[in-house]
Amino acid sequence: MKKILITGGAGFIGSHLCKRLLDEGNDLICVDNYFTGSKENISGLFKSPYFEVLRHDVCFPLYVEVDEIYNLACPASPIHYQHDPVQTTKTSVHGAINMLGLAKRINARILQASTSEIYGDPEIHPQKEEYWGNVNPIGPRSCYDEGKRCAETLFFDYQRQHKLDIKVVRIFNTYGPNMHPNDGRVVSNFIMQALQNQDITIYGDGTQTRSFCYIDDLVNGMIKMMTSSSKVIGPINLGNPTEYKIIDLAKIIIELTKSKSTIINKNLPVDDPMRRKPDISEAKSSIDWEPSTELKDGLKQTIDYFKTKLK
Ligand code: NAD
Ligand code: UDP
């Protein structure tokens with residue numbers, strides 16, 4: 001039985017990862033300070049003797065003994081990470097230092113949940129791992145973007161300097177059940193608005209694009225990366241390469257929910273990236289991964305989940 005630590009395990013992605021790793025027969029420690037995560041996301045796992053939760057902030061050192069660490073702790077939605085930007089940078093940077101220090105002490109393999117945001121508002125399309133990005137260092141998104149970039153730097157320096165066994169995945173927009181209904185992200189916002197026949201809020205003219213990966217596909221990729229040969233360290237893009245305009249996503253959600261909502265336009269947030277689409281050829285060749293869930297299928301599952309939140 002492998003002992004695995006998941007930081008941010010009560011969040012959207014973390015809760016799915018915990019469930020999968022527990023189902024696969026591992027012994028888990030989930031660490032979370034419940035800033036954006038919730039006990040409800042992991043309540044189904046409490047009955048297992050191999051699932052342990054620690055309320056802990058990764059900005060402070062942690063002493064546990066495990067074989068593998070998945071480092072996910074960090075708010076991911078713009079409204080949450082901009083709520084306390086100093087804390088966001090601390091979580092990314094101090095959290096990475098603490099988890100890397102832990103991995104070094106106990107000789108554990110460690111995977112960092114990095115992000116497509118490290119590419120900023122990209123001038124190269126689709127984004128390949130070699131691209132260094134176009135990030136504003138002083139804007140409202142910088143606490144997250146630069147925090148995550150610095151965390152990647154720390155991971156690669158620990159690898160070069162201390163020969164640490166690292167893995168870095170750059171996650172593109174992911175959606176599915178257990179997303180926070182009020183986290184302001186586009187999929188949760190549009191579904192909640194559509195289900196309540198409220199106006200669908202498009203920021204800007206809706207021609208900006210994103211590529212949406214269903215949670216089960218992403219979790220497969222994260223586990224494939226963690227269990228791959230130690231030569232594969234990344235960074236590796238994990239995301240669905242099918243690109244959608246935000247206006248088209250709104251139309252699909254209106255159709256699937258049979259909503260009476262109308263579409264309205266609001267101001268585009270500062271530094272909102274105009275295009276985003278992963279090049280996943282590296283993930284295909286080095287870990288034999290690609291997503292298989294069609295957007296409409298994943299959205300149906302997500303809509304069913306949000307319906308339960310409205311009851
Ligand atoms: P989330 O906000 O649902 O989960 C983050 C979890 O981390 C929450 O449970 C939160 O309470 C916890 N957390 C935050 N600060 C903490 C701290 N200081 N100490 C301990 N726990 C803390 O977000 P998510 O969508 O599940 O994202 C998980 C990870 O994946 C994040 O690192 C995020 O940057 C990365 N990511 C997510 C996406 C996406 O589309 N969801 C895209 C790119 C990268
Ligand atoms: N967006 C939107 N309406 C919303 C929420 C988001 O039009 O109610 C847009 C947002 O401006 C961005 C895209 O949807 O262009 C994705 O936003 P999200 O916050 O989900 O993720 P990120 O910008 O981090 O990719």
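FYI, the numbering just counts along the sequence from 1. Indexing begins at 1, ligand by ligand and atom by atom, following the structure's order.
The number of heavy-atom neighbours closer than 6.0 Å to OH of Tyr50, taken from other residues, nucleotides and ligands shown, is 12 or below. No more than 12 heavy-atom neighbours from other residues, nucleotides or ligands sit within 6.0 angstrom of OH on Tyr63. More than 12 heavy atoms of other residues, nucleotides or ligands lie within 6.0 Å of CG in Asp23, so this atom counts as buried by the packing criterion. For Glu294, the CD atom sits in a loose shell: 12 or fewer heavy atoms of surrounding residues, nucleotides or ligands are nearer than 6.0 Å.
Residue contact check: Pro78 has heavy atoms under 4.0 Å from atoms 19 (O), 24 (O) of ligand 2. If you number the atoms of ligand 2 from 1 as listed, the ones under 4.0 Å from a heavy atom of Asn189 come out as 4 (C), 5 (C), 8 (O). Atoms of ligand 2 found under 4.0 Å from any heavy atom of Gly184 (numbered from 1 in listed order, with element): 5 (C). Every atom of ligand 2 is numbered from 1 in the order shown, and the set under 4.0 Å from a heavy atom of Arg276 is 22 (P), 25 (O). The contact set between ligand 1 and Arg185, taken as ligand atoms under 4.0 Å from a residue heavy atom, comprises 23 (O), 25 (O), 39 (C), 40 (O), 41 (N). Distances below 4.0 Å separate heavy atoms of Ile202 from the following atoms of ligand 2: 7 (O). Taking every non-hydrogen atom of Tyr34 and a distance limit under 4.0 Å, the qualifying atoms of ligand 1 come out as 11 (O).
Within the 3.5 Å criterion, the main-chain N or O of Pro122 finds no donor-acceptor partner in the side chain of Gln127.
At a threshold of 4.0 Å, the pair Glu68-Lys2 counts as salt-bridged, since one of the basic side-chain nitrogens sits closer than that to a carboxylate oxygen. Salt-bridge check for Lys148 with Glu117: failed, with every basic side-chain N at 4.0 Å or more from each acidic carboxylate O. Using a 4.0 Å cut-off between charged nitrogen and carboxylate oxygen, Asp248 and Lys245 do not count as a salt-bridge pair. Ionic pairing of Glu290 and Lys224 is not present here: no N-O contact between side-chain nitrogen and carboxylate oxygen is shorter than 4.0 angstrom. The pair Lys309-Glu40 does not meet the salt-bridge criterion, since no charged nitrogen lies less than 4.0 angstrom from a carboxylate oxygen. Between Glu146 and Arg141 there is no salt bridge, since no side-chain nitrogen of the basic residue lies less than 4.0 Å from a carboxylate oxygen of the acidic one. Between Glu152 and Arg149 no salt bridge is recorded (no basic side-chain N to carboxylate O distance below 4.0 Å). Ion pairing between a basic and an acidic side chain is recognised when a charged N comes within 4.0 Å of a carboxylate O; Asp304 and Lys300 show no such pairing. A salt bridge between Asp272 and Arg210 is present, with a side-chain N of the basic residue lying under 4.0 Å from a carboxylate O of the acidic one.
In terms of N/O distances under 3.5 Å, ligand 1 is approached by Thr36. For ligand 2, one of its N or O atoms has an N or O atom of Asn173 under 3.5 Å away. Note: an N/O pair closer than 3.5 Å links Gly37 and ligand 1 by distance alone. Between Ala73 and ligand 1, not a single N/O pair is under 3.5 Å apart. Checked against a 3.5 angstrom limit, the closest N/O atoms of Ile13 and ligand 1 fall inside it. Considering backbone and side-chain N/O atoms, Val186 comes within less than 3.5 Å of an N/O atom of ligand 2. Any N or O atom pair closer than 3.5 Å counts here, and Arg185 shares no such pair with ligand 2.
For Ala10, the closest heavy-atom approach to ligand 1 falls below 4.0 Å. At least one heavy atom of Tyr144 sits closer than 4.0 Å to an atom of ligand 1. Using a 4.0 Å cutoff on heavy atoms, Glu117 does not count as a contact of ligand 1. For Met179, the heavy-atom gap to ligand 1 stays at 4.0 angstrom or more. At least one heavy atom of Asp57 lies less than 4.0 angstrom from ligand 1.
The closest protein non-hydrogen atom to atom 22 (P) of ligand 2 is Arg141 NH2, 3.6 Å. Regarding atom 20 (C) of ligand 1, its nearest protein heavy-atom neighbour is His56 O, 3.2 Å. Here the protein heavy atom with the shortest distance to atom 7 (O) of ligand 2 is Tyr203 N, 2.8 Å. Protein heavy atom in closest approach to atom 3 (O) of ligand 1: Phe12 N, 2.9 Å. The protein non-hydrogen atom at the shortest distance from atom 31 (C) of ligand 1 is Leu72 O, 3.2 Å. Distance from atom 19 (N) of ligand 1 to its nearest protein heavy atom, with residue and atom name: Val58 N, 3.0 Å. Protein heavy atom closest to atom 9 (C) of ligand 2, with residue, atom name and distance, is Gln208 NE2, 3.9 Å. Residue, atom and distance of the protein heavy atom nearest to atom 10 (C) of ligand 2 are Asp272 OD2, 3.4 Å. For atom 4 (O) of ligand 1, the nearest protein heavy atom (residue, atom name, distance) is Gly11 CA, 3.5 Å. Annotation: atom 13 (C) of ligand 2 to nearest protein heavy atom, Ile246 CD1, 3.7 Å.
Contact annotation for Lys148 and ligand 1: only side-chain heavy atoms (C-beta onward) come within less than 4.0 Å of the ligand. For Thr201, heavy-atom contacts with ligand 2 shorter than 4.0 Å involve the backbone as well as the side chain. Contacts between Glu117 and ligand 2 below 4.0 angstrom, taking non-hydrogen atoms only, involve the side chain exclusively. Only the backbone of Asn173 comes within contact range of ligand 1, with a heavy atom under 4.0 Å; no side-chain atom does. Residue Pro269 touches ligand 2 through its side chain alone, judged by heavy-atom distances below 4.0 Å. Contact annotation: for Ser114 versus ligand 1, heavy atoms closer than 4.0 Å belong to the backbone alone.
Nearest-heavy-atom check against atom 24 (P) of ligand 1 across Ser77, Gly147, Ala76 picks out Ala76. Proximity annotation for atom 40 (O) of ligand 1: of Asn33, Ile6, Thr174, Thr174 comes nearest, heavy atoms only. Relative to atom 42 (C) of ligand 1, the option among Leu62, Leu54, Ile171, Asp32 with the closest non-hydrogen atom is Ile171. Among Ser15, Gly8, Pro75, Cys74, the residue whose heavy atom lies closest to atom 5 (C) of ligand 1 is Cys74.
To the nearest 0.5 Å, the span separating CG on Leu54 from CD1 on Ile29 amounts to 6.0 Å. With values rounded to the nearest 0.5 angstrom, Leu249 atom CG is found 6.5 Å from Leu299 atom CG. Going from atom CD of Gln159 over to atom NZ of Lys167 covers 10.5 Å, rounded to the nearest 0.5 Å.
With Tyr158 as the aromatic partner, Lys104 does not meet the cation-pi criteria of under 6.0 angstrom to the ring centre and within 45 degrees of the ring axis.
In summary, the side chains of Tyr119 and Arg170 do present a donor paired with an acceptor at a separation below 3.5 Å, with no hydrogens or angles considered. Inspection of the Lys277 and Thr209 side chains reveals no N or O donor paired with an N or O acceptor under 3.5 Å.
With Thr89 as the fixed residue, the side chain to side chain contact (heavy atoms under 4.5 Å, CB included) test singles out one of Thr91, Val93, Val86: Val93.
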